[in-house]
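Here is how names work: the chains are called A, B, and so on, in the same order as the sequence lines, proteins then strands, and each is numbered from 1.
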Amino acid sequence: MASITLTPTKQLSLESNATQTLSLLERCSRMEELKQIQAQMFKTGLVADTITVSRILTFCVSPKYGNLEYAQMVFDRVSRPNTFMYNTMIRGYSNHKEPEKAFLLYQQMLCHSVPHNSYTFPFLLKACSSLLAIEETKQIHAHVIKLGFGSEVFATNSLLHVYATSGSIKAARLLFDQVPERDTVSWNSMIDGYTKCGKMEIAHEFFKDMPTKNVISWTTMISGYVGAGMFNEALNLFHEMQIEGVKPDNVALASTLSACSHLGALDQGRWIHAYIDRIGVEIDPILGCVLIDMFAKCGDMEEALEVFRKVRKKEVSLWTAVISGFAIHGRGREALVWFDNMQKVGIRPNHITFTTILTACSHSGLVEEGKSLFESMDRVHKLSPTIEHYGCMVDLLGRAGFLREAMGLIEKMPVKPNAVVWGALLNACRMHKNVELGKKIGKFLIEEDPNHGGRYIHLASIHAVAGDWDRAVEARRQMKDRGVSKLPGCSAISLNGVVHEFLAGGQSHPQITDIYQMWDSIGERLEKEGYKPALGNLLLDLEDEANEMAINRHSERLAIAFGLLGTKPGTTIRIVKNLRVCEECHTVTKLISKIYDREIVMRDRTRFHLFRDGKCTCGDKW
DNA sequence: GTAGGGTTAG
């Protein structure tokens with residue numbers, strides 16, 4: 001008796017019949033096995049019946065294997081594919097890289113008069129959704145109605161989802177109001193749609209009004225808040241969810257942790273981490289990444305590494321999260337060690353890993369290492385550098401003072417440099433006081449995008465570095481005159497588990513009078529230590545034109561004053577959100593840490609600073 | 001005797 005060997009337990013004898021073939025297909029776990037089974041079927045003269053072909057197609061289009069070419073080959077050899085097979089192929093294409101081909105199959109299906117069933121439209125509309133194809137959606141919508149699927153909840157839900165999340169929220173609303181049957185999925189899609197176009201109040205109305213909420217409803221609303229930058233609202237909603245007794249799953253936890261991470265709400269984040277351990281949720285790579293990111297951003301690399309050790313599936317994203325943690329702490333050497341170790345265990349770095357490791361090198365002054373990594377991207381790893389990587393390199397060279405080399409790199413970039421790349425060079429000009437080049441770039445950037453507030457601020461800061469306050473104020477004034485708005489500076493501080501936010505010029509905090517008084521006394525102490533503010537007074541009189549320049553520092557000073565009020569000497573103050581820690585702020589905070597004997601932790605968009613006893617760990621040389 | 005096998009939302 002002849003037989004082929006698949007795996008020791010899976011043998012297919014010549015006598016096997018269709019039923020055995022099916023059970024083999026069911027247990028099949030690799031593409032190779034599938035091909036062997038098919039070869040054997042051919043050899044033994046077994047003709048694949050409808051269900052066997054269906055099984056094969058299902059196997060090939062599953063996201064895990066995704067061998068659509070092979071599925072298409074099998075499909076092409078079926079003389080008259082039935083609805084199921086068409087549906088399966090449409091599903092396959094809609095989930096993978098060529099959603100357009102789903103439309104092609106649908107066309108064939110119509111040509112051959114193969115009937116639809118209730119599965120056809122959800123698959124087809126998924127393709128519309130990934131292509132943001134509103135025109136096609138409208139056409140399919142017409143078919144849904146014409147073919148009598150207008151009251152099928154799956155079909156109408158899929159339509160709702162495409163309209164709501166592809167920029168046609170009004171069409172979604174119209175449909176939502178008229179469909180005969182609505183379920184939780186319909187409501188969830190509406191909430192998702194409204195959060196995606198920034199209509200947070202309406203989204204919340206829907207959320208409040210819906211008859212039954214499930215964990216996805218809660219998560220949609222929470223991640224909607226996170227996407228809109230409303231982190232406190234996100235956290236509050238998570239607490240409400242707990243009170244309602246809805247058990248959060250990994251997605252809900254990841255969204256909430258991301259809110260904690262943005263807010264710097266380390267206490268709440270720790271609570272959720274403990275909760276995850278307590279209820280025994282497995283830390284999947286996504287949850288692992290947000291936990292690592294949160295601890296790293298809040299300053300606790302040890303806890304971040306502890307999480308890394310606990311995650312079973314150590315994917316590239318997890319290693320990258322750790323490397324990113326070292327990067328924001330200016331621990332470039334360790335980042336490099338982890339980058340090497342990751343490859344030693346057979347994990348290949350991707351584009352994001354390179355962005356991260358280049359940032360780490362840049363922030364730690366590891367110029368040679370960065371250059372050699374950048375060069376190795378294409379040569380060793382077969383990854384072509386993107387504009388982000390060029391941006392990192394300009395930043396790396398620029399920070400190290402190689403302005404000409406950075407300029408040269410920009411000139412020979414294969415793609416048009418964007419504002420991020422120029423911004424990196426401009427920042428380098430500011431650091432190294434290259435006023436001439438800085439002014440040129442600053443003006444150029446404003447011409448490119450006159451409505452972008454940040455550009456004016458950049459130019460102003462260059463003039464400020466040169467001590468040319470008149471021009472600096474002028475750049476600010478120009479911005480004001482053109483009606484360009486800038487988001488007000490914002491700082492947040494975490495104290496006893498509560499996050500307090502301060503806006504530049506803000507007066508709304510209940511203890512605002514004490515805070516201003518505190519800052520006055522801080523100012524006196526600082527001046528006694530010999531500190532002289534570069535411009536204007538310390539806290540800034542916001543009415544005073546000359547102080548326009550330093551308005552950014554207003555919010556962080558309110559936060560520090562508040563922190564000093566609420567803590568004792570020898571303890572830690574956490575400024576958990578801040579736009580940028582500038583040179584002035586650095587000097588002031590170093591002094592405060594010494595005079596008031598506090599450890600001050602400060603996080604800006606890219607860095608982590610720990611001020612202790614008049615020093616800072618970030619390693620920046622001003 | 002003609003089902004079976006596969007759906008939508010974070």
Ignoring hydrogens and angles, write down the donor-acceptor pairs under 3.5 Å from the side chains of residues 225-247 of chain A, residues two or more places apart or on other chains.
| from | atom 1 | to | atom 2 | distance (Å) |
| --- | --- | --- | --- | --- |
| Asn236(A) | ND2 | Asn232(A) | O | 3.3 |
| His239(A) | ND1 | Leu235(A) | O | 3.4 |

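Thr220(A) comes within 4.0 angstrom of sugar-phosphate atoms only, judged by non-hydrogen atoms across all strands, and of no base. Contacts of Ser189(A) with the nucleic acid, taken as non-hydrogen atoms under 4.0 Å apart, involve only primed sugar atoms and P, OP1 or OP2. Across all strands, Ser255(A) comes closer than 4.0 Å to no nucleic acid atom at all (heavy-atom distances).
Every residue two or more places apart in sequence or in another chain that forms a ring-ring contact (aromatic ring centres under 6.0 Å, His included) with Phe354(A) is listed here: Phe339(A), His381(A). Every residue two or more places apart in sequence or in another chain was checked for a side chain to side chain donor-acceptor pair (under 3.5 Å) with Asn496(A), and none qualifies. Take His273(A) and apply the ring-ring contact (aromatic ring centres under 6.0 Å, His included) test, not counting sequence neighbours, and it matches Phe295(A).
Here ring pair (Phe, Tyr, Trp, His ring centres under 6.0 Å) pairs that include residues 80-104 of chain A, with residues two or more places apart or in two chains, are Phe75(A)-Tyr86(A).
With a heavy-atom cut-off of 4.0 Å to chain A, the contacted part of DNA chain B has its first and last nucleotide at dG4(B) to dG10(B).
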